[in-house]
Amino acid sequence: MSAHDVAACLIRGFGPDAYLAVRRQIVRCMEQNLADEAVFWVRVREQVASLTRVVRRKDERLQ
């Protein structure tokens, strides 16, 4: 799956808490020294931020 696909799924599943779910994954990767996986989750975090900004601009609330 791409970072965009994972971000979209997390937003659907977690709503506004998607960013926090991604943050937990990044911390887990850092604690386990999984650098490549941490980079992927950083990309997911960027996609979550981007997608939630787009939705908020449309109607001022996160769907």
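Remember, predicted model here, so these are calculated numbers, not experimental data.
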Participant: Roughly how far apart are Ser2 OG and Gln47 CD, rounded to 0.5 Å?
Facilitator: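 Rounded to the nearest 0.5 Å, the OG-CD separation comes out at 7.5 Å.
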
Participant: Which atom pair, heavy atoms only, marks the closest approach of Val44 to Ala7?
Facilitator: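 Scanning both residues, the minimum pair turns out to be O-CB, 3.9 Å.
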
Participant: Find the distance between NE2 (His4) and OG (Ser50) and round it off to the nearest 0.5 Å.
Facilitator: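 One gets 7.5 Å once the value is rounded to the nearest 0.5 Å.
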
Participant: Suppose the criterion is salt bridge (Lys or Arg N to Asp or Glu O under 4.0 Å): which pairs have a residue in residues 25-37, not counting sequence neighbours?
Facilitator: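 Output for this query lists Arg28-Glu37.
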
Participant: Quick check: do Ile26 and Cys29 have side-chain heavy atoms less than 4.5 Å from each other?
Facilitator: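 SC-SC contact between Ile26 and Cys29 ruled out.
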
Participant: Do Met1 and Val39 sit in the same hydrophobic cluster, where Ile, Leu, Val, Met, Phe, Trp and Tyr count as joined when their side-chain heavy atoms come under 4.5 Å apart?
Facilitator: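 No.
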
Participant: Taking all non-hydrogen atoms of both residues, which atom of Leu10 and which atom of Ala18 are closest, and how far apart?
Facilitator: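 So the minimum-distance heavy-atom pair works out to O-CB, 3.6 Å.
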
Participant: Only one of Leu51, Asp17, Val6 forms a side chain to side chain contact (heavy atoms under 4.5 Å, CB included) with Ile11, so which one is it?
Facilitator: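 Testing each of Leu51, Asp17, Val6 against Ile11, the sole residue satisfying side chain to side chain contact (heavy atoms under 4.5 Å, CB included) is Leu51.
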
Participant: Check for me, please, whether Met30 and Leu20 land in the same ILVMFWY cluster - side-chain distances under 4.5 Å, paths through other members count.
Facilitator: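 No, Met30 does not connect to Leu20 through the hydrophobic network.
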
